[in-house]
A.B. asks: 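This is the structure, below, for whatever I ask next.
Convention: sequence-line order gives letters A, B, ...; per-chain numbering from 1. None of the values given here were measured: they were computed from a predicted structure.
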Amino acid sequence: MGRVAFTHVSKRFGDTVAVDDLTLQIADAEFFVLLGPSGCGKSTALRMVAGLEDPSDGLIEIGDRVVNRIEPKDRDVAMVFQSYALYPHLTVRRNIEFPLRTRDVDRKTRKELVGKAADALGLGTLLDRKPAQLSGGQRQRVALARAIVRRPAVFLMDEPLSNLDAQLRVQTRSELVSLQRDLETTVLYVTHDQVEAMTMGHRIAVMSNGVLQQVGVPQEVYDKPASRFVAQFIGTPPMNVFRVENRTDLVGVRPEDLTIDPDGPWPATVFLVESLGHERHVHCHTPSGDDVVVRQAGMTVSPEAGAEVHLNAAAGAVHHFDAETGLRNDGA
Amino acid sequence: MSVDVEAMPPAHAAEPPEPPEGSGPVAGRRPWARVTVRYVVLIVLAAIVLFPIYITVVNSLLKPVDIISRPIKWFPTAPQWGNYADAWSNGHFSRYLINSAIVAAGITLGQTVSAVLAAYAFAFLEFPLRRTLFVVFLTTLMIPGEVTFFTNVNTVRSLGWYDSYAALIVPFLATGFGAFLLRQSFMTVPNDLREAAALDGYGHMRFLARIVVPISRPAIGAMGLFAFLGAWNQYLWPLVVTKSDRLRTVQIGLRALRGTQIDQISVTYAGTVLAFLPIAIILVVFSKQLVRGLTAGAVKG
C-alpha cells in the first residue's frame with residue numbers, strides 16, 4: 001500500500017528542467033534514497049510526491065492511486081523538512097498532535113497516538129516545551145514524531161539530518177533505520193550525503209541535472225556505477241577516472257583498488273602523500289594530465305613526493321566509461 | 001494625524017520609571033558604583049518625563065485659585081475630586097470618552113484586519129505585479145495627510161457621511177504603514193511552515209489565522225498600538241467632519257472645555273487626565289503582552 005511510482009514525470013520551472021522524464025518504482029516498506037548534488041532535482045521529485053509541486057508531465061502514484069490531482073493532505077504522506085518546520089508557538093505536544101487535529105481525530109485517540117509517537121522517540125518528558133527550548137536533536141525528533149503520529153503510507157524526508165552535528169547525525173542515522181524497520185513504512189529519503197545513502201537505503205537512486213543516473217542496492221551502485229558521474233559521486237575519495245594510452249574510453253579505478261606496482265601498466269608521478277593515520281592517500285599525476293589517488297593501508301611503505309611509479313589494479317576493479325557520454329562501457 | 005501634546009506624556013511614562021529588574025550586582029570591577037550611577041541616571045530621566053504629568057494630576061485636584069497662587073502647591077492637601085465630576089458630566093467627558101473609544105477601537109480593529117490580510121498577500125502569495133503593487137502601497141506612506149485632507153473631506157461629504165461615525169472611522173480602516181510593518185514580520189515566517197501546514201490540509205486562511213498571526217503577535221500588537229494611539233490622538237479630522245456634540249471625541253472635548261471654562265482651569269486639567277488615562281492603561285497592558293510575545297520562541301536555532 002505504501003508503493004510509490006513515478007511514470008515519465010517531468011517538472012519544468014520556466015526554461016529550467018528540474019526533473020527530466022523520471023520513471024521509478026519504490027516498493028512498499030522500502031527505505032529508498034534519492035541521492036544527488038544540490039540542484040539535481042531530487043527535492044523537486046520528493047515535493048511532487050508530497051503535492052507541494054505539480055508535475056509538468058507524467059503520473060505519480062501512491063499505493064494504487066494516481067495522486068496528481070489529489071490534495072497534499074489526502075495523499076496519506078507525511079514529510080520531515082530539513083528545517084523541521086515546527087510551529088514555534090505550539091508546544092511539542094501540540095506540534096505532534098497537529099496532523100491529527102486537522103483531520104478531526106477525537107481527543108482520546110489523539111492523546112493515545114501522541115503518547116505512542118512521543119514514547120517511540122523519547123520525547124515523553126518534553127511534551128510541554130516549546131521548540132525554542134529544545135536542542136537541535138530534540139527538534140529533529142519532534143519533527144519525526146509529528147510525521148509518524150498519523151501512521152501515513154509514506155514518509156517523505158528532505159535532508160532531515162543535515163542540520164545536526166556530525167556525531168548526532170551518525171547516531172540518528174541508525175535510529176531512523178530501526179524506526180523504519182519497526183514501522184514497516186515506505187520511506188522516500190532525499191540527501192546529498194552519499195554515506196547516508198549507502199548506510200540507510202535499501203535501494204538508492206542517483207540523480208544529476210534532473211536525470212536519473214542509476215537505481216540499485218547500494219553495493220551494486222558502488223561496485224558497478226552506471227556512469228562516470230555515479231562513480232565519482234559515490235565513494236571517498238571518489239573513483240579515479242583517467243585517460244590511458246591506446247584507449248579512446250576512460251578508465252576508472254577506486255582509490256582502494258589502485259596499487260603501486262613496478263610491473264603495473266600505468267606510469268605516474270607522485271606529487272603529494274597525505275597520512276590519515278590508518279591510511280595514506282598518494283596523489284599522482286598521470287602522463288595524460290589527470291590526477292589520481294591511491295589509497296594505501298597504514299602499514300604500507302609509501303613513495304616520496306616526486307617519485308616516478310607505476311600503478312596497477314586487478315582486472316575486476318577496472319571500470320570503463322565512454323569519453324563522450326560518460327556512460328559505463330562493459331563491452332570493452 | 002494630529003498629535004495632542006497633552007495626551008502624549010503617558011506614552012513615555014509607561015516605560016522609564018521602572019528600574020530594570022535583575023540588573024543588580026553585575027560583573028564589573030565596582031558593581032555597586034555602576035549600579036548606583038545607573039539608577040541615578042534613570043531616576044533623573046524618570047523625573048523629567050514624569051514631572052509634567054505630576055503637575056497635571058496635582059493641578060486637576062486643586063482649586064483654580066490655588067493653581068495660580070504662589071508658592072506653588074506641590075501636593076493637593078484638599079483634593080477637589082469634584083473637578084473630575086465636573087469634567088465628566090458638565091464637560092460631557094463621558095460622551096467624548098465613549099466616542100473616542102468607539103472610533104479608536106473601530107480604527108484599530110479595521111487597520112489590523114486589513115493590514116494582516118494585505119501583509120499576508122504580499123508575503124506569501126504569488127501574483128502578477130506583486131512588487132509594483134507593494135511599491136504603490138509604500139508610496140501612500142510618503143504622501144502627507146495634509147495633501148489628501150480636503151479631498152477626503154469632500155469624499156466623506158459626498159457620501160453623505162458628514163457628522164457620522166462612518167466619517168470618523170472608515171477613512172482610516174487601511175494603512176500602508178500597517179501592511180508594510182506586518183509584511184516585514186510575516187516574511188520571517190519560514191515557507192517550510194506554510195508547506196508543512198499545507199500537507200496537513202491548512203489553506204491560506206487557516207494558516208494565516210492559526211500560524212502566522214500567533215507567531216507575529218508582537219508585530220501585530222505593536223501595529224495595533226500605533227493605530228490606537230494615532231486614532232485616539234486625532235484632532236483636526238474629527239473636528240472637521242463632525243459638528244454635533246454627541247459625536248465629538250475626547251481631544252476636541254478637551255479643547256472645548258478650555259474654550260468654555262476659563263475660570264475653571266482645574267476642570268480642564270481633570271479633563272486632560274481623563275483623556276490620557278485610557279491610553280496609559282492600554283500601554284501598560286500592551287507592553288506586558290508585547291514583552292511576552294517577544295520572548296516566546298524563535299523558529300529554529
A.B. asks: Does any heavy atom of chain A fall under 4.5 Å from the side chain of R210(B), the backbone, both, or neither of them?
C.D. replies: backbone

A.B. asks: Measure the shortest side-chain to side-chain distance between W232(B) and T108(B) over non-hydrogen atoms and say whether it is less than 4.5 angstrom.
C.D. replies: no

A.B. asks: Testing D200(B), V213(B), V212(B) one by one against F207(B) for a side chain to side chain contact (heavy atoms under 4.5 Å, CB included), which residue passes?
C.D. replies: V212(B)

A.B. asks: Would you say the side chain of V149(A) lies within less than 4.5 Å of the side chain of L100(A), judging by non-hydrogen atoms?
C.D. replies: yes

A.B. asks: Checking heavy atoms, do the side chain of R146(A), its backbone, both or neither come under 4.5 Å from chain B?
C.D. replies: side chain

A.B. asks: Examine the side chains of N99(B) and Y165(B) and answer whether a donor and an acceptor come within less than 3.5 Å of each other.
C.D. replies: yes

A.B. asks: Check each atom of R103(A) against the heavy atoms of chain B and say whether the ones under 4.5 Å are side chain, backbone, both or neither.
C.D. replies: side chain

A.B. asks: Select one option (side chain, backbone, both, neither) describing which atoms of Y87(A) are under 4.5 Å from chain B's heavy atoms.
C.D. replies: both

